[in-house]
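Along the sequence shown, the residues carry numbers beginning at 1.
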Amino acid sequence: LNLRLGEERLAAELGVSRTPVREALSRLHAEGLVVRGGDGGFVPATPDVGAMRHLYEARAALELASLRRPSAQNSTHDHAMLLALRLEWLELEEEEPAADPAFVLLDEAFHVTLAEAAGNPALVDLLRHVNGRIRVARMQDFLDADRVAQTVVEHLGIVEAVLDGDLHKAEARFVSHLDLSMAVVERRVMRALARMAGRPDGRR
């Protein structure tokens, strides 16, 4: 993209001073979401599919470690936390949420809470960091209502397996859930890259 993210223009549009805009751009740069342009300003970063795959791999490792931790430590997941999580997503299922890229925040909250229930805050902090790095790309997963509805069902399947104490089933469901999400996101990111390269149909 050639859209220049100028501090002065952004500050005017947002109705704030240039200082918070500068700080926000610096943070986005540190997270790899914007890059410095030739004039010293910032422009949106072109999605890096390879880096995205690596981050998904890191996310999978963190979440699987969280799922396995209680049994490895001869303990259990926080049952009350899991029951509250299941109730929250049962209510979401009844609401039939519409397609919305912002649904990614609810999705992240589910996975973070599931990790919190395993009892290792260091794993949770790392997961939050990885989620932040891939959030923009993962928004592509929630652009249609069917994907949102499928995500709700899959989340319930994972948490119910953990509540039942069947961690092998929970792991299998999580891996299937993550693989499908990755496939959808990668396909849509590739189409976006194709459009940027001047191929409107998204084909190679």
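Within the 4.5 Å cutoff, side-chain heavy atoms of Ile158 are placed close to those of His177. Side-chain contact between Arg86 and Leu90 is present, with heavy atoms from C-beta onward closer than 4.5 Å. Side-chain contact between His168 and Asp166 is present, with at least one heavy-atom pair separated by less than 4.5 Å. With contacts defined as side-chain heavy-atom distances shorter than 4.5 Å, the pair Phe142/Asp107 qualifies. No side-chain heavy atom of Glu186 sits less than 4.5 Å from a side-chain heavy atom of Gln140. Between Arg59 and Ile134 there is a side-chain heavy-atom pair separated by less than 4.5 Å.
Checking side-chain atoms of Ser176 against main-chain N and O of Ala172 turns up no donor-acceptor pair under 3.5 Å.
Smallest separation of non-hydrogen atoms from Pro97 and Val152: CG-CG2, 4.4 Å. For the pair His111 and Leu127, the tightest heavy-atom approach, listed with the atom from each and the gap, is O-CD2, 3.7 Å. Residues His77 and Leu114 come closest through the heavy atom pair CD2-O, 4.3 Å. Closest approach of Leu82 and Ala117 over heavy atoms only: CD2-CB, 3.8 Å. In plain terms, the two heavy atoms of Ala161 and Arg173 that are nearest each other are CB-NH1, 3.9 Å. When every heavy atom of Asp141 is checked against every heavy atom of Ser181, the shortest pair comes out as OD2-OG, 2.9 Å.
Interatomic distance, Asp100 CG to Asp144 CG, rounded to the nearest 0.5 Å: 12.0 Å. To the nearest 0.5 Å, atoms CG (Asn120) and CG (Leu126) are separated by 8.5 Å. Between atom CD of residue Glu63 and atom CG of residue Leu178 there is a gap of 7.0 Å, rounded to the nearest 0.5 Å. Rounding to the nearest 0.5 angstrom, the gap separating the CG atom in Leu167 from the CZ atom in Arg69 is 13.0 Å. The line from CD of Glu57 to CE of Met182 is 10.0 Å long, rounded to the nearest 0.5 Å.
With sequence neighbours left out, Leu180 forms a side-chain contact (heavy atoms from CB on, under 4.5 Å) with Arg147, Gln150, Glu154, Val184.
The aromatic rings of His155 and Trp89 stand perpendicular to each other, their planes meeting at an angle above 60°, with 30° marking the opposite boundary.
Tracing side-chain contacts under 4.5 Å through hydrophobic residues (I, L, V, M, F, W, Y), one reaches Phe103 starting from Leu105; they form part of the same cluster. A single hydrophobic cluster is not seen to contain both Val175 and Val153; linkage of ILVMFWY side chains at heavy-atom distances under 4.5 Å, directly or through other members, places them apart. Residues Met81 and Leu83 fall into different hydrophobic clusters, defined by Ile, Leu, Val, Met, Phe, Trp and Tyr side chains chained together at heavy-atom separations under 4.5 Å. Note: the hydrophobic cluster containing Tyr56 also contains Val49 (ILVMFWY, side chain heavy atoms under 4.5 Å, direct or indirect links).
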- Task: Take Arg133 and Met52 through the test side chain to side chain contact (heavy atoms under 4.5 Å, CB included) and record every step on the way to the result.
- Result: CA-CA 9 Å; Arg133 294 282 305 279; Met52 185 176 68; over 6 Å; no
- Between Val162 and Leu67, is a side chain to side chain contact (heavy atoms under 4.5 Å, CB included) present by the stated rule, with each step listed? CA-CA 8 Å; Val162 179; Leu67 280 173; 3.8 Å; yes
- Item | CA sep, side-chain torsions, deciding dist, call: Glu171, Leu64, side chain to side chain contact (heavy atoms under 4.5 Å, CB included) | CA-CA 7 Å; Glu171 286 185 26; Leu64 287 171; 4.0 Å; yes
- Item | Criterion side chain to side chain contact (heavy atoms under 4.5 Å, CB included) on Phe110 and Thr151, from CA distance to verdict | CA-CA 11 Å; Phe110 171 87; Thr151 296; over 6 Å; no
